[in-house]
Amino acid sequence: MSPIVCVDLNGVLDSYTGWRGPEHFDPPRAGAREFLESLAARGFDIVVFTTRHPDGVWEWLERFGLRPLVRDVTDRKPPAHVFVDDRAVCFRGDFAQTLRAIDTFAAHWEVPSACDVGSDAPEPLGFA
Ligand SMILES: [Mg+2]
């Protein structure tokens with residue numbers, strides 16, 4: 001049995017910049033196909049782990065030719081080897097460190113790049 005890697009859709013596989021409704025799907029992020037192909041080449045079963053409705057996700061995968069790379073789409077946590085998610089904080093056994101990470105957390109797409117804000121530290125924009 002192959003190890004499972006769970007990959008999020010919004011903010012990981014797609015070019016998500018915020019919630020725009022249940023019918024809206026952004027196109028794949030540049031490099032998403034190569035990323036999934038590399039995971040498959042490493043022997044992983046790829047599961048898209050997302051809160052999005054699975055029918056819409058399967059249609060999105062089909063539309064962009066990614067469906068053959070994906071074993072399942074689910075919103076239930078599978079027994080995965082690793083999770084790839086834009087909203088995750090990795091727990092490394094230290095609750096205090098984890099709380100600090102949560103206090104300063106922002107998804108990559110919520111933080112303006114250094115080029116956009118000059119020398120100012122980026123400010124999290126909050127939850128979308
Ligand atoms: Mg996400």
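For ligands, and for the atoms within them, numbers begin at 1 and follow the listed sequence. Because the structure is predicted, anything quoted here is derived from the model rather than measured.
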- prompt: Of the non-hydrogen atoms in Y16 and G11, which two are nearest, and what is the gap between them?
  reply: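 Distance-wise, the nearest heavy atoms are CB-N, 3.2 Å.
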field: Contact summary for F49 and C6, nearest pair of heavy atoms
entry: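 Of all heavy-atom pairs spanning F49 and C6, the closest is CB-CB, 3.8 Å.
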message: I need the protein N, O or S atoms closer than 2.8 Å to the Mg ion (ligand 1), given as residue plus atom name.
response: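 As for protein N, O or S atoms lying under 2.8 Å from the Mg ion (ligand 1), they are D8 OD2, N10 O, D86 OD1.
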- prompt: Who pairs with R76 by side-chain contact (heavy atoms from CB on, under 4.5 Å), at least two apart in sequence or on another chain?
  reply: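 For R76, the residues satisfying side-chain contact (heavy atoms from CB on, under 4.5 Å) (neighbours in sequence not counted) are T74.
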field: Nonpolar side-chain network containing F95, other nodes, edges under 4.5 Å
entry: F91
- prompt: Apart from L9 itself, which Ile, Leu, Val, Met, Phe, Trp or Tyr residues share its cluster (side-chain heavy atoms under 4.5 Å, direct or through members)?
  reply: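 V5, V7, V12, L13, F25, F35, L36, L39, F44, I46, V48, V57, W58, W60, L61, F64, L66, L69, V70, V73, V82, V84, all in the cluster of L9.
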field: Over 12 non-hydrogen atoms of neighbours within 6.0 angstrom of CD in E34
entry: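 Yes - once you tally the heavy atoms of other residues, nucleotides and ligands closer than 6.0 Å, there are more than 12.
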